[in-house]
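Structure, as structure tokens:
Every chain is numbered from 1 and lettered A, B, ... according to where its sequence line falls, protein lines coming before strand lines. These figures come from a predicted structure and were not determined experimentally.
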Amino acid sequence: MNNKEISQIFREIADMLEIQGGDFYRVNAYRRAADSIEHHPVALEELWKEGRLREVPRVGEAIAKKIDELLSTGQLGYYEELKEQVPDGVLSLLTIPGVGPKTAKLLHEKLGLASIPEVEHAAREERLRHLPGLRARSEEKILHGIEMLHRLSGRSLLGTALPIAQEIVERLRATSPAENIVPVGSLRRRKPTIGDIDILATTAKPTQVMSAFVKLSQVAEVLLQGDTKSTVILDNGLQVDLRVLSEERFGTLMQYFTGSKEHNVQLRILALDQGLSLSEYGYKKEDGTEITCPTEEEVYETIGLPWIPPEMREARGEIEAARAGKLPQLVTDGDIRGDFHVHTNYSDGVHTIEEMAQAAKAKGYDYILLTDHTRGLGVAGGMTPERVAEQRAEIKWVNEKLAPFRVLAGAEVEIRSNGTLDLPDEVLAEMDLVVAAIHSGLRQEREKITQRMLAAIRNPHVDIIAHPTGRLLGQREEIALDFEAVVREAAKTGTILEINAQPNRLDLDGAHVMRAIQEGVLLSIGTDAHHMDGLGLMPLGVAMARRGWAEAKDIANTMNWEDLKKKVKR
DNA sequence: GCCGTTTTCGGCCCGACTGTTTTCAGTCG
């Protein structure tokens, strides 16, 4: 049993206890232990064999004993008991935005509802509004929440799909005679959410490649298996298409399947102007002769264009830019010098300052900016001014130890509902960089929430605005912000806007990045890491920057600290 | 249920919003 599976059981225990109205601290202790277990760098099975389970943070006597039972017997009596009391379907209701443990329990006990479709049906029949504490508005809210879920279902987060695609590519490379294996489609363009995974490969032995593909361990169901195309469903529900083709047409096929559709249409129109018809199989001249392209570069070259990076292929002017020789030199993973959004155990992060710094140093970074939550976000263990001072002392100590690597002192301060911050100015003034964010009062109307954001941007102590639009993919819409006003004010005051690399945020996304850059706003990329693993999300943030045509000069954390210090407003 | 350079017991859980209320419960971050 791996760490993820173990953590899942404790997470479910927490959910079930909460539905039963269990003690908040106890519920939270299970949840925090689950997080800690999931991201622990060493397999719990290993630690268990050596009797070292208690070394895992947030695993105490009781949870260690439960892990022991789980690993020795493959079962956990306590978990099984709870499952008898709380049906599976009731747990699934917690995934509906706006439905928490109390409502889930109510829906189950009073109406016998134990699945999302049942709740949706009952809500449409207006049966929820007669429950105690619920009225028509609550019913609408629940229906809206279910619609949000549906909207994402069928689509997966880029952060989920990308590692899976990369793993499949690696496995195929190792176990089959496939060459040139590449994921294409919206995944290659790095869209924040993707429908299914499309992979292309070239080979002289298609049958063997396909046979290796359908035998991958993640495959739950084979929908289609042929010599040119096979389709499978993975055990997590993702659909994967593999196309195998000959090498001479690889370029046009890759270009075609990468899309976007709109980009391809524009490309074909441009080709027609030059008397060429473009399809996935190649170019055709008016006299019927064919031009095949083994590489994508040749596809673009044939009609007089430089190769266009996939992230830009969204029909947002990239073809015009390419024709004019004005394609940007997009920022790359290698340009990044540090991470500007990092949590530690001073708030809701798992690891210590030194652990996070060591992990960042191992990635080749020059610095990280610590951005622990401040006191307003109490549930996240937000820092008081006293804790800020303690953290400062620890940073100094770590910096002495790890020099020239540098831990920058900062915080993720709360922008309160009136636009003020929840740490005093004199505390903020002492920090290297201050990140501010909205985490509550997300449903304020446009005028109010915009003014609130502008007030934070105007604060001379605020350097960066984190996850500016507040969206959570598949869970929550953006806040009602007037983004244009935010961009203008950021430009005017020299405030940096963040690209948050958390898979369910990816906020700002490409379109916002583009607008910000047009107005001369500087951006930063932060992973919002809550544990060492989380630092690895940086490429997702870089992908959003690239989708917005950002160059290295547009991204604050590609600069060295001394240069950047001169550029920020403080 | 976890945790401890003030503690082995008593903290940990804050603030805002929404929808249902007429003084509060539930949800969220």
Side-chain angles (χ1 to χ4, degrees), chain A residues 10-11 13-15 17-19 21-37 53-67 78 93-107 128-142 144-145 148 343 345 347-350 372-384 386-387 390 393-394 397 412-423 437-445 448-449 452 466-467 470-472 475-477 479-480 500 502 504-505 507 528 530:
Chain A
F10 287 111
R11 204 161 280 134
I13 289 177
D15 286 344
L17 281 175
E18 196 171 23
I19 285 178
D23 173 58
F24 172 89
Y25 300 107
R26 216 173 132 228
V27 170
N28 217 23
Y30 276 111
R31 222 159 253 160
R32 287 157 61 92
D35 280 341
S36 173
I37 290 166
L53 282 176
R54 294 289 300 275
E55 287 176 20
V56 180
R58 295 163 186 180
V59 170
E61 194 187 337
I63 290 183
K65 213 173 144 199
K66 289 188 173 70
I67 297 171
Y78 182 62
L93 302 187
L94 294 179
T95 62
I96 304 172
V99 173
K102 295 295 185 322
T103 313
K105 189 179 181 187
L106 185 74
L107 293 174
L128 305 190
R129 61 182 64 185
H130 305 302
L131 292 171
L134 299 187
R135 283 289 174 273
R137 290 299 298 273
S138 315
E139 200 173 69
E140 280 169 31
K141 205 174 139 190
I142 290 171
H144 182 72
M148 292 274 294
H343 293 272
N345 59 358
S347 65
D348 57 350
V350 173
D372 277 307
H373 293 287
T374 50
R375 57 188 169 187
L377 207 61
V379 70
M383 298 188 293
T384 58
E386 292 72 34
R387 284 290 281 169
E390 285 170 38
E394 192 170 330
W397 171 76
E412 182 177 8
V413 290
E414 289 305 301
I415 303 171
R416 292 190 288 211
S417 65
N418 61 5
T420 61
L421 305 177
D422 71 342
L423 277 181
I438 291 181
H439 289 99
S440 63
L442 298 157
R443 278 175 231 175
Q444 282 177 337
E445 50 152 50
K448 197 168 176 196
I449 205 159
R452 176 181 173 195
H467 43 72
R471 75 167 179 188
L472 290 181
Q475 294 167 47
R476 195 174 68 202
E477 300 290 352
I479 54 177
N500 188 290
Q502 286 288 314
N504 65 344
R505 287 194 185 271
D507 173 14
D528 210 343
H530 284 72

Think A:Arg32 has a side-chain N or O under 4.0 angstrom from the OP1 or OP2 of B:dC12?
no
Does B:dG1 have OP1 or OP2 under 4.0 Å away from a side-chain N or O of A:Tyr25?
no
Salt-bridge test for A:Glu390 and A:Arg387: reply yes if a basic N is under 4.0 Å from a carboxylate O, no otherwise.
yes
For residues A:Glu139 and A:His144, is any side-chain donor paired with an opposing acceptor at under 3.5 Å?
no
Quick one: A:Arg387 CZ to B:dC12 C1', roughly how many Å, whole number?
13 Å
Any side-chain heavy-atom pair of A:Leu131 and A:Leu107 under 4.5 Å
yes
Nearest-angstrom distance, C1' atom, B:dC12 to B:dT7
13 Å
Atom-to-atom span, CZ of A:Arg416 to P of B:dG15 - whole angstrom:
9 Å
Nearest listed nucleotide, side chain of A:Gln444, among B:dT20, B:dC17, B:dG1:
B:dC17
Tell me: CZ of A:Arg137 to P of B:dT21, nearest whole Å?
13 Å
Against the six-membered ring of A:Tyr78, is A:Lys66 placed for a cation-pi contact (under 6.0 Å from the centre, within 45° of the normal)?
yes
OP1 or OP2 of B:dC17 under 4.0 Å from side-chain N/O of A:Ser417
yes
Quote, to the nearest angstrom, the P distance that separates B:dC13 from B:dT23.
30 Å
Would you sort out whether A:His373 and A:Met383 count as a side-chain contact (heavy atoms from CB on, under 4.5 Å), showing the intermediate values?
CA-CA 6 Å; A:His373 293 287; A:Met383 298 188 293; over 6 Å; no
For the C1' atoms, the ones on B:dA16 and on B:dC9, what distance do you get once it is rounded to whole angstrom?
32 Å
Send over the distance from A:Ile13 CD1 to B:dC2 P, rounded to a whole Å.
11 Å
Give the intermediate values and the outcome of side-chain contact (heavy atoms from CB on, under 4.5 Å) for residues A:Leu134 and A:Leu106.
CA-CA 10 Å; A:Leu134 299 187; A:Leu106 185 74; 4.1 Å; yes
Taking only the P atom of each, what is the distance from B:dG15 to B:dC2 in whole angstrom?
27 Å
Return the value, rounded to whole Å, for the distance between atom CD of A:Glu412 and atom C1' of B:dG29.
10 Å
I'd like the P distance from B:dG1 over to B:dT6, given in whole Å.
28 Å
For a quick check of understanding: with a heavy-atom distance under 4.0 Å over all strands, which category does A:Ala437 fall into, base, sugar-phosphate or nothing?
nothing
Tell me, do A:Ile19 and A:Leu94 make a side-chain contact under 4.5 Å, heavy atoms counted?
yes
Atom NE2 of A:His373 and atom C1' of B:dG29: how far apart are they, to the nearest Å?
8 Å
State, yes or no, whether a side-chain contact exists between A:Val350 and A:His530 at a heavy-atom distance under 4.5 Å.
no
Below 3.5 Å is the cut-off: list the nitrogen or oxygen pairs between protein and nucleotides 3-9 of chain B, distance only.
unit_1: B:dC3; atom_1: OP1; unit_2: A:Arg58; atom_2: N; d: 2.5

Sub-3.5 Å pairs of nitrogen or oxygen atoms, protein against nucleotides 26-28 of chain B:
unit_1: B:dG26; atom_1: O3'; unit_2: A:Thr103; atom_2: OG1; d: 3.3
unit_1: B:dT27; atom_1: OP1; unit_2: A:Gly100; atom_2: N; d: 2.7
unit_1: B:dT27; atom_1: OP1; unit_2: A:Gly100; atom_2: O; d: 3.2
unit_1: B:dT27; atom_1: OP1; unit_2: A:Thr103; atom_2: N; d: 2.9
unit_1: B:dT27; atom_1: OP1; unit_2: A:Thr103; atom_2: OG1; d: 2.3
unit_1: B:dT27; atom_1: OP2; unit_2: A:Lys102; atom_2: N; d: 3.1
unit_1: B:dC28; atom_1: OP1; unit_2: A:Gly98; atom_2: N; d: 2.6

Nearest-Å distance for atom pair CG/C1', residues A:Asn345 and B:dC2:
14 Å
Report which part of the nucleic acid A:Lys65 touches: base, sugar-phosphate, or nothing (heavy-atom distance under 4.0 Å, all strands).
nothing
Take atom P in B:dG26 and the same atom in B:dG11, then report the distance between them in whole Å.
26 Å
Measure from CD1 on A:Ile142 to P on B:dT18 and round the result to the nearest Å.
17 Å
Pairwise P distance for B:dC28 and B:dT20, with rounding to whole Å:
15 Å
Angle class for the A:Phe10/A:Tyr30 ring planes (parallel below 30°, perpendicular above 60°, tilted otherwise)?
parallel
Rounded distance in Å between the C1' positions of B:dT5 and B:dT18
44 Å
Using a 4.0 Å heavy-atom cut-off, does A:Arg26 contact any base of the nucleic acid, only the sugar-phosphate backbone, or nothing at all?
base
Restricting to side-chain hydrogen bond (donor to acceptor under 3.5 Å, both in side chains), what partner residues turn up for A:Asp15, sequence neighbours left out?
A:Arg31
Once you apply the 3.5 Å cut-off to both distances, tell me the Watson-Crick or G-U wobble partner of B:dG15, or none.
B:dC28
N-O pairing of A:Asp35 and A:Arg58 below 4.0 Å
no
